[in-house]
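Keep in mind the model is a prediction, meaning the values are calculated, not measured.
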Amino acid sequence: MGSNRSGMFIKLCCLLSVFALVLTGCREEKVEQEKELLVYCGITMIKPMTEIAEIIEKEYGCKILITKGGSGNLLKSIKANMIGDLYLPGSSSYIQNCFEEGLITDTVPVGYNKAAMMVKKGNPKDIKDSLDSLTDKRFYVAIGNPESGSIGRETKKILDKKGIFHQVIKNVQMMTTDSKDLIRLIKDDEADLVVNWYATATWPENRDSITVLPISNEFAGKKKLVLGLLRFSSFPEIAKAFMKYASSDKGRIIFNKYGLYDVK
C-alpha cells in the first residue's frame with residue numbers, strides 16, 4: 001500500500017511539473033504577444049509613420065499603436081499619462097520642451113516641413129501670396145491655435161516675425177487645433193485662406209482641392225522633424241529600431257513621398 005501511494009505521489013508531482021511548464025510556456029508566449037508600442041504623432045506625419053510602423057511590426061512581431069493629434073495636445077497627454085514609446089511633433093520646439101522636462105532620452109531627425117498659405121484650387125478669389133493677405137477683411141481667414149498644435153505655434157512665429165500677429169488675430173474668424181482641420185476648411189469652402197504645413201497640400205486626397213501660396217523664406221524656413229524616445233518606453237530596443245529605420249535612407253524615401261523631406 002505504501003509503495004502504491006509513493007508511486008501515485010511521484011506521478012502527481014510529475015503531472016504538476018508538466019502543468020507548471022505548460023503554464024510557464026503560455027505566460028512566455030502571452031508576454032511575447034503583448035509587445036505593444038505607443039507612438040504619439042502629429043497629424044501631418046501620420047502617413048509615413050504608419051507605413052514605417054507596419055514594417056517594424058512585421059520585423060519584430062509587435063503591435064504599434066499610433067495616436068495622432070495636435071503636437072501640443074499630444075504633449076499634454078504624455079505629461080499626464082507618462083506612458084508611451086515615441087513622440088513625433090510637427091516642430092522640434094516640442095522636443096526641446098521634452099528634453100528640458102526629462103521626458104525624452106534620445107532623438108533622431110526624420111524629415112522637414114514648412115508652413116505655407118493655402119487657398120481653394122485655382123485661387124478663385126485672386127488672393128495675393130503675401131502675409132498681408134491674412135489681414136484683409138474681404139477674406140475668411142483661419143489659422144491654427146498656437147496652444148494646441150505645431151502649425152499654430154509656427155504660424156504665430158511667422159506672423160510675429162512679420163510684425164502682424166495681432167492684426168491677423170483681429171481678422172481671424174476661426175482657430176483650429178491641427179492641420180487636418182485647416183485642410184477641411186478650405187475643401188468645404190468654410191475658409192478662403194489658411195496657413196498650414198506645406199506637405200498636406202501634396203497628398204493625393206488634397207492636391208486637387210488646394211493651391212499653395214508660398215511664404216517667403218525670410219519668414220518661414222524649413223522646420224526639422226525630430227523623433228524622440230520617451231524615457232518610460234516599455235520596449236526601448238524596438239523603439240530604437242523604429243527610430244533607426246525612420247532616419248535611414250529608406251525612411252527618408254518614405255517621408256519624402258508625403259512631402260516631408262525635400263521641402264523648398
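Here S133 contributes atom OG and F139 contributes atom CZ; the two are 6.0 Å apart, rounded to the nearest 0.5 Å. Atom-to-atom distance recorded for D85:CG and L38:CG is 6.5 Å, nearest 0.5 angstrom. In this structure, OG on S179 lies 15.0 Å from OH on Y198, to the nearest 0.5 angstrom. The OG1 atom of T50 lies 11.5 Å from the CE atom of M45; values are rounded to the nearest 0.5 Å. Between the CZ atom in F242 and the CG atom in L88 there is a gap of 8.5 Å [rounded to 0.5 Å]. For the atom pair R138 CZ and I127 CD1, the distance stands at 8.5 Å (nearest 0.5 Å).
Both the sub-6.0 Å distance and the 45° axial angle are satisfied by K156 relative to the ring of F165. With a 6.0 Å cutoff to the six-membered ring centre and a 45° limit on the axis angle, K224 does not count as a cation-pi contact of Y112.
Between the side chain of D129 and the backbone N or O of P214 there is no donor-acceptor pair closer than 3.5 Å. N73 places no side-chain N or O within donor-acceptor distance of the main-chain N or O of G69, the cut-off being under 3.5 Å. Using a distance-only test at 3.5 Å, with no hydrogens or angles considered, no donor-acceptor pair links the side chain of Q167 to the main chain of T135.
Using a 4.5 Å heavy-atom cutoff, the side chains of S148 and D178 are not in contact. Annotation: side chain of I164 is in contact with side chain of L131 (closest heavy-atom distance under 4.5 Å). A heavy-atom distance below 4.5 Å is not found between the side chains of I104 and R231. Considering only heavy atoms from C-beta on, I56 comes within 4.5 Å of I64 through its side chain. In this structure, the side chains of L185 and M174 come closer than 4.5 Å at one or more pairs of heavy atoms. Using a 4.5 Å heavy-atom cutoff, the side chains of M118 and I183 are in contact. At least one side-chain heavy atom of F232 sits less than 4.5 Å from a side-chain heavy atom of I78. Residues N217 and K114 have side chains in contact (heavy-atom distance under 4.5 Å, counting atoms from C-beta outward).
Side chains of E51 and Y258: a donor-acceptor N/O pair is present below 3.5 angstrom, by distance only. R207 and T202 share no donor-acceptor pair across their side chains, judged by distance under 3.5 Å alone.
One hydrophobic cluster holds both V108 and I55 under the rule that ILVMFWY side chains link at heavy-atom gaps under 4.5 Å. Both L75 and I83 are assigned to one and the same hydrophobic cluster, defined by single-linkage of ILVMFWY side chains at heavy-atom distances under 4.5 Å. Residues M243 and Y87 do not share a hydrophobic cluster, defined by chaining ILVMFWY side chains whose heavy atoms lie under 4.5 Å apart. If you chain together hydrophobic residues whose side chains sit under 4.5 Å apart, V212 and W203 never meet in one group. Using a 4.5 Å cut-off between side-chain heavy atoms of Ile, Leu, Val, Met, Phe, Trp and Tyr, with links allowed through other members, Y94 and F99 fall into the same hydrophobic cluster.
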**Message:** Applying side chain to side chain contact (heavy atoms under 4.5 Å, CB included) to D192 and V141, what does each step give before you reach the verdict?
**Reply:** CA-CA 6 Å; D192 301 319; V141 176; over 6 Å; no
**Message:** Please evaluate residues I151 and T155 with respect to the criterion side chain to side chain contact (heavy atoms under 4.5 Å, CB included), reporting the C-alpha separation (whole Å), side-chain torsions for both, the decisive distance (0.1 Å), and the verdict.
**Reply:** CA-CA 6 Å; I151 187 57; T155 299; 4.0 Å; yes
**Asked** Under the side-chain hydrogen bond (donor to acceptor under 3.5 Å, both in side chains) criterion, do N113 and K222 qualify, and how do the steps go?
**Response** CA-CA 6 Å; N113 208 352; K222 286 173 61 174; over 6 Å; no
**Request:** Test K63 against K35 for side chain to side chain contact (heavy atoms under 4.5 Å, CB included), laying out the working first.
**Result:** CA-CA 6 Å; K63 185 175 182 181; K35 285 185 179 178; over 6 Å; no
**Item:** Step-by-step side chain to side chain contact (heavy atoms under 4.5 Å, CB included) determination, K157 to R153
**Value:** CA-CA 6 Å; K157 287 181 181 177; R153 182 179 285 197; 4.2 Å; yes
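Nearest approach of A199 to T44, heavy atoms of both residues: CB-CG2, 4.2 Å. Shown here for G84 and Y40, the closest heavy-atom pair between the two residues is CA-CE1, 3.9 Å. Here the closest heavy-atom approach between residue I158 and residue A115 is recorded as CD1-CB, 3.6 Å. Nearest approach of G90 to S71, heavy atoms of both residues: N-OG, 2.8 Å. Residues N171 and L134 approach most closely at ND2-O, 2.9 Å, considering heavy atoms. In terms of heavy-atom proximity, S233 sits nearest to A239 at OG-CB, 4.1 Å.
Within 6.0 Å of CD on E147 lie no more than 12 heavy atoms contributed by other residues, nucleotides or ligands. Around the NZ atom of K187, the shell of radius 6.0 Å holds more than 12 heavy atoms that belong to other residues, nucleotides or ligands. The number of heavy-atom neighbours closer than 6.0 Å to NZ of K68, taken from other residues, nucleotides and ligands shown, is 12 or below.
Ion pairing of K161 with E218 is absent here, as no side-chain N (NZ or NE/NH1/NH2) approaches a carboxylate O to less than 4.0 Å. With salt bridges taken as basic N to acidic carboxylate O contacts below 4.0 Å, one links R184 and D181. A salt bridge links K47 with E205; the closest basic N to acidic carboxylate O contact falls under 4.0 Å. Between D262 and K257 there is no salt bridge, since none of the side-chain N atoms of the basic residue sits less than 4.0 Å from a carboxylate O of the acidic one. K223 and E154 are joined by a salt bridge, as a carboxylate oxygen and a charged side-chain nitrogen come within less than 4.0 angstrom of each other.
For an aromatic pair to be called close, the ring centres must be under 6.0 Å apart, and Y261 with F255 fails this.
Each of D126, D189, D188, D208 was evaluated against K120; a single residue qualifies, D189, per the salt bridge (charged side-chain N to carboxylate O under 4.0 Å, His left out) test. Remark: of the listed residues L227, L225, T107, T107 is the sole one forming a side-chain contact (heavy atoms from CB on, under 4.5 Å) with I95.
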